Amino acid sequence: CAGDPNSDACKNAITLYCDGDGTPAHPQHHDTLACQFPTGGLSLWEASIELRFPIVGDLGGAVFCDASDVSRYRFDLRFLYPHLSCGAGIHYDTPVGPIRLDAGFQLPGLQVLDPKADPSEKVRDGFFAIALGIGEAF
């Protein structure tokens with residue numbers, strides 16, 4: 001895997017020795033190079049769109065949609081895995097930036113569009129996420 005993480009040999013080693021998150025499936029494989037990938041992966045694409053609008057005074061709102069995918073392989077941009085989520089939020093403008101509270105929800109059926117995908121890839125643990133932040137989201 002050190003020479004070419006996209007090679008078939010490396011992909012087979014990952015399948016044999018590593019769990020889905022890239023960690024060793026068994027303690028005896030803790031030194032297996034195939035299991036020493038970054039947890040997040042080696043390729044990422046993401047897209048976001050947000051519409052902001054005033055509510056009253058320094059209070060505003062937003063609606064948004066986000067899509068992205070992370071792959072454990074280099075240069076592997078899987079556009080049929082959009083993991084699309086949409087949501088809404090409110091923000092209050094302060095001198096140091098807005099204080100934001102956002103809630104996003106996965107859109108069923110728009111997580112993995114690849115008909116060849118393993119059914120386990122189409123199942124996700126969480127249905128929604130809530131985020132509290134200070135400053136701009138972008």
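Bear in mind the structure is a predicted one, so any value in this text is a computation, not a measurement.
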Asker: As a quick check of understanding, evaluate side chain to side chain contact (heavy atoms under 4.5 Å, CB included) for F53 and I55, giving each step before the final call.
Answerer: CA-CA 7 Å; F53 51 89; I55 295 176; 4.1 Å; yes
Asker: With a 4.5 Å cut-off on side-chain heavy atoms, are P82 and W45 touching?
Answerer: yes
Asker: I want to check something: taking the side chain as every heavy atom from C-beta on, are H83 and V112 in contact at a cut-off of under 4.5 Å?
Answerer: yes
Asker: Sequence neighbours excluded and cut-off under 3.5 Å, please list the side-chain donor-acceptor pairs for residues 87-98, or say none.
Answerer:
from, atom 1, to, atom 2, distance (Å)
T94, OG1, V96, N, 3.4
T94, OG1, G97, N, 3.4
T94, OG1, G97, O, 2.4

Asker: Could you list the residues that satisfy side chain to side chain contact (heavy atoms under 4.5 Å, CB included) with I130, not counting sequence neighbours?
Answerer: L101, A103, F128
Asker: Any donor-acceptor pair under 3.5 Å linking the side-chain atoms of S43 with those of D76?
Answerer: no
Asker: Spell out, as yes or no, whether a donor-acceptor pair under 3.5 Å connects the side chain of Q111 to the backbone of L84.
Answerer: yes
Asker: Roughly how far, to the nearest 0.5 Å, is the SG atom of C65 from the CZ atom of F105?
Answerer: 12.0 Å
Asker: Establish whether V70 and L77 are linked, either directly or via other cluster members, by ILVMFWY side-chain heavy-atom contacts under 4.5 Å.
Answerer: no
Asker: Membership question, hydrophobic clusters at under 4.5 Å side-chain separation (ILVMFWY): are L107 and L113 in the same one?
Answerer: yes
Asker: Apply salt bridge (charged side-chain N to carboxylate O under 4.0 Å, His left out) to the pair K116 and D114, showing each step before the final yes or no.
Answerer: CA-CA 5 Å; K116 299 175 190 170; D114 187 353; 6.0 Å; no
Asker: Do D102 and F64 touch side chain to side chain, with heavy atoms closer than 4.5 Å?
Answerer: yes
Asker: Considering only residues two or more places apart or on different chains, which pairs with a residue in residues 126-135 satisfy salt bridge (charged side-chain N to carboxylate O under 4.0 Å, His left out)?
Answerer: none
Asker: Nearest 0.5 Å please: distance from the OG atom of S71 over to the OH atom of Y81.
Answerer: 9.0 Å
